[in-house]
Amino acid sequence: MSANTSSFKNLEQLFVTVRNFQTPALLWYSAASERIELSGRVLDNWVSKSANFLVDECDLESGSPIDVPMGVHWRSLVIALAALRVGATISFEVDSADVLFSFDSAVVETSDAEYPVIVDRGSLAPRFMGEVPAGALDFCAEVRAFGDVYSGFETPVPSRVAMGGLSYSVLLEAVSTQIIALGEELGSASAVQFTAPAVLTADYLIQVLAAVAMGRGVVILDPTIQWDQAKVEQILAQERAVPLVS
């Protein structure tokens, strides 16, 4: 970790740092040990595509609320990071936002959101593989059409809430603090596995942001699968990853 990656003036600086890494940022494992690797640059491309989708298809803007009640998945992380890039305020519960993302058709179908968005859990699903709920947007089918560069970045008001009751300024401070802690805990490890919560949380997202901003990979094992401990240890050894309790 270079000396200037322990603190960031704004989110744009953080994302610039992430996209300069060619090393793995997210390492997703699912059924039959399917492995998806996103480098820092590729992660930034997906975040940019998703941010463009949020702005153009969902009318999301800086300060807008967005509901992301989703389990841990590389796609849900991309969506949450894209919401931060737009400068939105994220709730990880079904609240009353005009924009809602979910893997669950039932959640989308019963939502009062103006822009309900369904997301397929398949690692590389080209579209939602079930029946898209009436009035919903299909994230997997539509996001690929958007550009890899997000040019609409608006620096959020530092005092505005980003997620979990944390303002954007406090979020950046939390990421910087986490980077220092991880630097001591990870040593020479290339990656880290954080304990995945049932649903995305602000704390988990801060840990992920800190790790990828350091150029370390985050190993994510599909939480819907019952993993054999021996297999988990094999994966962590292969990725030179350290498991840490969130």
Side-chain angles (χ1 to χ4, degrees), residues 26 28-32 34-38 42-148 150 152 162-164 196-202 204-205 208 218 220-225:
L26 298 185
W28 166 258
Y29 281 83
S30 57
E34 182 181 31
R35 180 182 183 275
I36 305 296
E37 175 184 313
L38 278 68
V42 173
L43 173 59
D44 182 71
N45 286 348
W46 274 104
V47 171
S48 295
K49 283 179 176 290
S50 302
N52 287 325
F53 171 88
L54 288 172
V55 171
D56 294 347
E57 296 295 325
C58 304
D59 291 335
L60 198 73
E61 58 186 24
S62 182
S64 298
I66 178 173
D67 293 345
V68 188
M70 306 177 77
V72 175
H73 190 287
W74 79 263
R75 289 192 193 272
S76 60
L77 286 171
V78 162
I79 291 164
L81 292 176
L84 291 177
R85 187 152 202 181
V86 174
T89 296
I90 303 174
S91 169
F92 297 109
E93 301 176 351
V94 178
D95 213 332
S96 56
D98 286 339
V99 182
L100 173 137
F101 280 75
S102 182
F103 292 122
D104 190 339
S105 293
V107 171
V108 172
E109 288 170 348
T110 57
S111 171
D112 293 327
E114 184 176 356
Y115 300 102
V117 186
I118 189 71
V119 185
D120 197 273
R121 284 195 59 86
S123 297
L124 293 174
R127 59 179 176 80
F128 185 67
M129 304 310 288
E131 183 176 349
V132 177
L137 295 167
D138 183 343
F139 176 76
C140 297
E142 299 187 33
V143 71
R144 293 174 182 272
F146 289 86
D148 292 347
Y150 179 60
M163 58 180 180
V199 177
L200 282 179
T201 65
Y204 185 81
L205 202 57
V208 171
V218 178
I220 310 166
L221 306 184
D222 187 343
T224 66
I225 295 174

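None of these values were measured; they are calculated from a predicted model.
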To the nearest 0.5 Å, what is the distance between CG (D67) and OG (S111)? 7.5 Å

Can you name the closest pair of heavy atoms from V99 and C58 and give their distance? CG2-O, 3.7 Å

Go through it in stages, so that I can follow the logic: the residues are D120 and R75, the test is salt bridge (charged side-chain N to carboxylate O under 4.0 Å, His left out), and I'd like the CA-CA distance, side-chain angles, deciding distance and then a yes or no. CA-CA 9 Å; D120 197 273; R75 289 192 193 272; over 6 Å; no

Quick one: ring pair (Phe, Tyr, Trp, His ring centres under 6.0 Å) pairs with a partner in residues 43-62, sequence neighbours left out? W46-W74, F53-F139, F53-F146

With side-chain contact (heavy atoms from CB on, under 4.5 Å) as the criterion, how do D98 and D59 come out once you've worked through the C-alpha distance, each side chain's angles and the decisive distance to 0.1 Å? CA-CA 9 Å; D98 286 339; D59 291 335; over 6 Å; no

Would you compute the distance between atom CG of L77 and atom CG of L205 and round it to the nearest 0.5 angstrom? 6.5 Å

Could you tell me if the side chain of L84 sits less than 4.5 Å from the side chain of V47, heavy atoms only? no

Is it the case that S102 and D104 place a side-chain donor and acceptor less than 3.5 Å from each other? no

For residues G164 and A202, report the shortest heavy-atom separation together with the two atoms involved. CA-CB, 4.1 Å

Distance check, rounded to the nearest 0.5 Å: H73 atom NE2 versus D222 atom CG? 6.5 Å

Close side-chain approach of K49 and D148, heavy atoms under 4.5 Å: yes

Side-chain H-bond candidate by donor/acceptor type, E34 with S30, under 3.5 Å: yes

To the nearest 0.5 Å, what is the distance between OG on S50 and CG on L60? 12.0 Å

For side-chain contact (heavy atoms from CB on, under 4.5 Å), just list the numbers for V108 and V117, CA-CA rounded to whole Å, side-chain angles, deciding distance to a tenth of an Å, and then say yes or no. CA-CA 7 Å; V108 172; V117 186; over 6 Å; no

Going by the rule side-chain hydrogen bond (donor to acceptor under 3.5 Å, both in side chains), which residues pair with S48 if we only count those two or more places apart in sequence or in a different chain? R85

Per side chain to side chain contact (heavy atoms under 4.5 Å, CB included), I79 is matched among V143, L200, V119 by V119

Could you give the distance from CZ (R144) to CZ (R127), rounded to the nearest 0.5 Å? 12.5 Å

Which atoms form the tightest heavy-atom contact between M129 and P126, and what is the distance? SD-CD, 4.4 Å

Under the side-chain hydrogen bond (donor to acceptor under 3.5 Å, both in side chains) rule, collect the residues that match up with N52, sequence neighbours excluded. none

E37: side chain to side chain contact (heavy atoms under 4.5 Å, CB included) partners, not counting sequence neighbours: P24, L27, R35

Give the minimum heavy-atom separation between A82 and A51, together with the two atoms involved. CB-N, 3.5 Å

Check whether any side-chain heavy atom of Y29 sits under 4.5 Å from a side-chain heavy atom of I225, and report yes or no. no

About how many Å separate CG of L137 and CD of E57, when rounded to the nearest 0.5 Å? 6.0 Å

Verify, without hydrogens or angle tests, whether S76 (side chain) and G71 (backbone) share a donor-acceptor contact under 3.5 angstrom. yes

I'd like to check Y150 versus L54 (side-chain heavy atoms, cut-off strictly below 4.5 Å). Are they in contact? no

Residue pairs involving residues 106-130 (criterion ring pair (Phe, Tyr, Trp, His ring centres under 6.0 Å); sequence neighbours excluded): none

Less than 3.5 Å apart, which donor and acceptor atoms pair up between the side chains of residues 88-96 and the rest of the protein, not counting sequence neighbours?
unit_1	atom_1	unit_2	atom_2	d
T89	OG1	V161	O	2.6
S91	OG	E93	N	3.2
S91	OG	E93	O	3.3

Nearest atoms (heavy-atom pairs only) where S123 meets W28: OG-NE1, 2.9 Å

